[in-house]
Amino acid sequence: MPTMIAARLHEYGKPMTLDRIDVPQPRPTDVLVEVKACGVVPNLTRVVSNFFGTLTPDNKMMPPLPAIFGLDPAGVVAKAGEQVWHVREGERVYVNPGRSCGSCRMCRSGAPYDCPSWTLQGYFGRSQELMRAYPYGGLSQFITAPATALVKLPDTVSFEAGARFGYYGTAYAAMKKIGVGPGQTLLINGISGQLGLNAASLALAMGATRILGTGRNQKLLDRVKALAPPRIEVISVPNAPPGPADPLVAWAKNFTDGHGVDGMIDCLPPGAPGSALLRALFCLRRGGRAVNVGAVMETLPINAFWMMTNRIALQGSVWFTTGEGEDMAAMAAAGTLDLSILQHRVSPLSKVNEVLAGMDDRDGGFTNFVIDPTRI
Ligand SMILES: [Zn+2]
């Protein structure tokens with residue numbers, strides 16, 4: 001039996017250890033992927049501390065231990081199951097970690113992301129069964145995954161850039177929901193973080209006419225504006241309470257003939273107050289649409305009457321489909337989506353605990369933390 005090295009967590013709050021375990025065999029509709037790069041998200045630090053496990057009394061959100069984490073694997077297909085017809089060994093892929101049960105009403109209706117068991121492989125989720133069925137995260141030399149999870153990567157997309165598709169895809173799926181495109185002005189709340197920066201690149205690719213972005217760090221905001229100076233405007237948000245008299249709202253209206261923005265995507269980081277989301281919501285024009293993929297956890301004091309009379313929409317969005325991943329790969333291949341802005345910081349698998357401890361040291365969303373499991 002061939003073996004491999006995987007970083008495994010044996011106890012929440014403790015460091016991962018490198019363990020030698022058997023290379024798994026793919027089931028008939030699965031593939032075996034040799035991982036070349038796995039994206040590491042800052043939130044993984046909270047996940048392995050069991051922050052999310054403590055949110056539910058029975059601790060059912062977290063994978064059984066020992067667990068192999070790693071949310072965003074990219075690599076090469078090493079073996080395809082006997083019922084996999086259109087994926088071949090040697091193909092370069094990103095593995096979408098979104099798993100669903102396949103047989104509930106939502107899955108059978110073509111809406112697997114609304115499956116009650118929906119789970120992120122290599123992270124956490126709603127189904128212990130799915131986490132046991134797909135126990136290999138990308139902090140491992142090989143993983144198994146369903147063939148339906150594979151996004152084929154063009155040669156021009158490096159494994160390191162592919163390992164960032166989780167952020168890109170989360171932003172892309174959200175922006176599709178609010179109709180980002182030609183003629184539209186989009187406000188990205190938190191534009192210099194990982195999600196916000198990737199949202200800006202995608203909004204440029206999707207043809208948004210004007211992109212407004214909020215942030216805190218002027219140096220990072222200047223770098224974001226430099227991506228497309230005629231189309232991007234940024235602001236270091238002045239302190240003010242949410243409401244129509246907010247100078248932030250006046251700033252947004254200044255770029256939209258006094259109307260307000262067509263769409264808003266919230267990309268705020270963990271710990272951001274609800275008021276920061278509300279302030280961006282007030283920047284919408286009548287009939288404007290907002291989508292939330294940020295990490296605000298506070299309860300929002302929203303005025304329902306204001307929302308109704310101004311025809312405001314606010315929607316949540318989680319992750320993205322494999323098809324949306326294919327869209328992004330095609331945009332990257334065509335050159336409309338510019339992945340070259342990422343600064344890859346690649347570390348060997350043995351450095352995983354150090355990487356997790358050092359994630360605050362980054363240039364906002366420009367830094368891309370990657371583990372290469374082919375290096376021990
Ligand atoms: Zn289902």
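Both counts, for ligands and for their atoms, begin at 1 and track the order of listing.
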query: Apart from Trp85 itself, which Ile, Leu, Val, Met, Phe, Trp or Tyr residues share its cluster (side-chain heavy atoms under 4.5 Å, direct or through members)?
result: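 Traced through the cluster, Trp85 reaches no other member.
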
Show me the donor-acceptor pairs, under 3.5 Å and distance only, between side chains in residues 325-337 and residues at least two apart or in other chains.
| residue | atom | partner | partner atom | Å |
| --- | --- | --- | --- | --- |
| Glu326 | OE2 | Lys152 | N | 2.9 |
| Asp327 | OD2 | Tyr172 | OH | 2.8 |
| Thr336 | OG1 | Met331 | O | 3.2 |

- request: State whether the number of non-hydrogen atoms from other residues, nucleotides or ligands found under 6.0 Å of Arg132 atom CZ is greater than 12.
  value: yes

query: Within 45 degrees of the axis of the six-membered ring of Tyr94 and under 6.0 Å from its centre: does Arg164 put its NZ or CZ there?
result: no

For residues 227-239, which side-chain donor-acceptor pairs fall under 3.5 Å, sequence neighbours excluded?
| residue | atom | partner | partner atom | Å |
| --- | --- | --- | --- | --- |
| Arg231 | NE | Ala208 | O | 3.4 |
| Arg231 | NH2 | Leu204 | O | 3.3 |
| Arg231 | NH2 | Ala208 | O | 2.6 |
| Ser236 | OG | Arg216 | O | 3.3 |

- prompt: Counting N and O atoms only, with roles assigned by atom type, does the side chain of Gln184 sit under 3.5 Å from a partner on the main chain of Gly181, one being a donor and the other an acceptor?
  reply: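 Flag not set: sc Gln184 to bb Gly181 has no pair under 3.5 Å.
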
message: Around the Zn ion (ligand 1), how many protein N, O or S atoms are found at less than 2.8 Å?
response: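 Counting protein N, O and S atoms closer than 2.8 Å to the Zn ion (ligand 1) gives 4.
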
